[in-house]
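From a predicted model like this one, the values you see are computed outputs, not experimental measurements.
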Amino acid sequence: MRKLRHRSNLTKVPQLVTKELVSWMRGHESSVFSISVHASGKYAITTSSDTAQLWDLDTFQRKRKLNILQSVGIQKVFFLPLSNTILSCFKDNSIFAWECDTLICKYQLPAPPESSTILYKVFAVTRDGRILAAGGKSNHLHLWCLEAKHLFRIIQMPTKVRAIRHLEFLPDSFDAGSNQVLGVLSQDGIMRFVNTQTCKLLFEVGSLDEGISSSVISPHGRYIASIMENGSLNIYSVQALTKEINKPPPPLVKVIEDLPKKKVNSGDLKVKVTSGRIQRPAKSRESKAQTRILKQDLAGNFENKENELSDGLNKKRLQILLKSYGEYPTKYRMFIWRSLLQLPENHTAFSSLIDKGIHVAFLNLQKNYPIKSRKLLRVLQRTLSALAHWSTIFSDTPYLPLLAFPFVKLFQNNQLVCFEVVATLIINWCQHWFEYFPNPPINILSMIENVLAFHDKELLQHFIDHDITSQLYAWPLLETVFSEVLTREEWLRLFDNVFSNHPSFLLMTVVAYNICSRAPLLHCNLKDDFEYFFHHRNNLDISAVIREVYRLMDTTPTDIHPDSMLNAFVALTKGQYPVFNQYPKFIVDYQTQERERIRNDELDYLRERQTVQDMQAEVDQQRVEDEAWYQKQELLRKAEETRREMLLQEEEKIIQQRQRLAAVKRELKVKEMHLQDAARRRLLKLQQDQQEMELRRLDDEMERKVHMRDREIAATAKDLEMRHLELESQKRLYEKNLARNQEAVAKEMREDADAYRRKVDLEENMFHRLIGTDQTQNEKTQKLIEENLAKAEQACLNTDWRIQALHKQRCNDLHRNECYQEMAKLLWKNRRKEIEVLDAMMEAEAKKWEEAEEKDFHLKSEKKAAALSDASRKWFLEKEINDAAEHAQHLCGRVMPKGQNEQVALSCLPRTSQSNDISSVESLTQISLNQRRTHWDTMERDLMEKVRNLRQRLTAQARNRCQTPPVLAT
């Protein structure tokens, strides 16, 4: 399975094999940007900006949720490798460690120093979970020791680095998870690989022109996959990038070559000894540097090569030191062991064995050997797989895990040394163990039994009496190399002596262990007690056992001594490991063939069993489906019966409800009829009130018009009186100023012109009033016609409403057909009456139009008469003025001395004629006003008569409408 992050705050878990979606893990409110999976694959942590959630991948259910304040955001939450610790990093640089099972806070890292404070953005942890690297927007890297919980190193990157975008340690197969090379991806798109111990820049990936956007390193540290900024994917080989990473460390064994066979003087050769290198000999006169001269005593005998070890160690001296102190110093024990065993440290050969992966024989190692530490189990699994790939027999050796486990536990941080120690142990101290494979090494056990018989016959006889063979008192100690019966310190002291002596020392140790334990063994009588004794720790002094071993090594006869049958120590070869074939190959091949055959048979059996299980599952599924179908049919039948009963009950309820509904409908219908009757009556009353209100409005309007007419007549009379007074005052003024000069006459002529204009304005005003009066009368007539038409339309609407009511009654009640027919007859009669009313209104409207045309004709004749009158007056005035002018000229020509009197007479003549003309105009105006007043009175009487007739018709119509409801009720 693989977990995918989704933008819709969801986490998808697809199956990589079947490509099917296994589960959706919901719970985040914002997008998930980080997923961390536990080493066991049981738990997973998903992280978003506001929360982190712990999921159980077996059930895909949320186990716990980490809630934080909004002011403190989450930077990253992840599992530490190979541990049950959760590390949570927040945006305020606080880092907490939590226990995965109990979720108890284990510790909190202290704040970094103020001189190098950075906001952490990216993190990386070594594979052993001991070192935490943190970086951010700075060129500083902080390295934290999670075991000591303190900041132990600050690395300053080059000045080109301003911010760190990604951190990842480069895995190494030989550092046991304590990774030392750290990849740092900076803002410039270049990933720099730095050694965290030496703080040296090893190599770089990417460039400024072709920058890296993101990068990831393969689990074995061989390849680097990078997504470039241009979208391309580049894969780099670490081995090709640098040889410094994969270069094996310098060997611990340094070789000093022997002198050539020809005799040379000791002073002719000088050797420059430096750490890690061996230089060729050089002549003394050519060497200018101060060198250390090693003088060789050619006359003496060289010591035995097997006593000379690398790094200046001597086996004889180590044995003397060991006999003096009983053990090697703890600080230098591993170094001494590696020197004693002369490990070649073949990195390339070991890597080829490791690259073959886990051997099929050790895939289920945890089932047979449950180890709590997963790291230890993994190292043991890899070591055993490498041994199985080295030699086929080790894949079938059942006791190999017991043999290798103490060394794996001791060298778990260096798998190469662990493998070579176990391989050296098998080649030298396990000689002839596999000659009787798959049985225990009977020849080796016979050697042990012969030595025991020589040194302690009583104990051997006790074993024989109780049927205890060497497979019980010797083989358990050998196959576990004493790891079950000794403590760690005792086991280390023992193997200090084992690795420092001949391979037969291990067999003598078995005999010495039995001899030193003879007292409790002689008291054992049951086979179970003997088995328990040789598989559990006992109260035994390991120093006494070692002394006894040395005594047995010295006192055992040569004919039964194991060193005569075992070869001397042989170290592993350099470059490639030796071929191990000291076993019956035909038996191993036969077992391999048999195992392959059994595996094939088992696969066939599993396939057949799977087929049978599938068939059985199909049969069971079919049976379950049939049973479910029958149950479903039975349930459907019962449900159908239940529904049928429910339907019958519902039908009865519906019938009762329909009856009640019919009764309610009848009541509602009666109420509706009453309401309609009341509404009709209210509507009739409202219409009657509206008609009465309209009549009152008409009466008020008529009174207002009459009052306005009276006011206009009074105003006209007052205007005429004022005009008469003005004329009288002008007449008196003319008479008073008759004797004035010509200038006064001109002034009077101007006044006469003004008077004439006022007269014309008065006549025009009167004419306009006449026109306005006619227009007002026409508007009243038109409004009355519109009101009559509106009333007729209202009558039509009432008729339509009644027709609709009749149709509804006809649909609801078919038993009252006769009443509806009578109603239809009455409606037909009413319709005829309404048609008559409409005809009468149309006739009235036609009469009104005829009357309006007559008035228009009368108005036009009046206008023509007025025009003729004006023309005649104008002609008369012009004629009089001309006659007066001629007469004045004639008088002036005849009598000149009397000019002043004549002028006065001439001035009087026009005035007299003008005043006469004005009097005639006033008399004509008064006559016209009297005629119009008489005409208006006549029109008013006719209109009042028509209004009375209309009221009578409306009243009769209202009575007829009020009489129709009793007929409807019947």
Is any NZ, NE, NH1 or NH2 atom of the basic residue among Glu420 and Arg338 found under 4.0 Å from an Asp or Glu carboxylate oxygen of the other?
no

Return yes when atom CZ of Arg162 has more than 12 non-hydrogen atoms of other residues, nucleotides or ligands closer than 6.0 Å, and no otherwise.
no

Below 4.0 angstrom, N of the basic side chain to O of the carboxylate: do Arg333 and Asp496 qualify?
yes

How about Glu210 and Asn234: does a side-chain donor come under 3.5 Å of a side-chain acceptor?
yes

Is there a donor in the side chain of Arg493 and an acceptor in the side chain of Ser543, or the other way round, less than 3.5 Å apart?
yes

Are Tyr236 and Tyr223 close enough that their ring centers fall under 6.0 Å?
no

Taking the six-membered ring of Phe123 as reference, does the cationic atom of Lys76 (NZ for Lys, CZ for Arg) lie under 6.0 Å from its centre and within 45° of its axis?
no

Side chains of Thr85 and Trp98: donor-acceptor distance under 3.5 Å anywhere?
no

Does atom NZ of Lys409 have more than 12 heavy-atom neighbours from other groups under 6.0 Å away?
no

Is Tyr107 atom OH crowded by more than 12 heavy atoms from other residues, nucleotides or ligands, each under 6.0 Å away?
yes

Flag if over 12 foreign heavy atoms under 6.0 Å of NZ, Lys137:
no

Test item: side-chain donor near acceptor, Asn413 and Lys375, under 3.5 Å:
yes

Residue list, ring-ring contact (aromatic ring centres under 6.0 Å, His included) with Phe495, at least two apart or on another chain:
Phe407, Trp491, Phe499

Classify the angle between the aromatic ring planes of Tyr120 and Trp144 as parallel (below 30°), tilted (30 to 60°) or perpendicular (above 60°).
perpendicular

Flag for Ser207-Asp209: side-chain donor and acceptor within less than 3.5 Å
no

Please work out which of the three classes, parallel, tilted or perpendicular, describes the rings of Phe79 and His38, given edges at 30° and 60°.
perpendicular

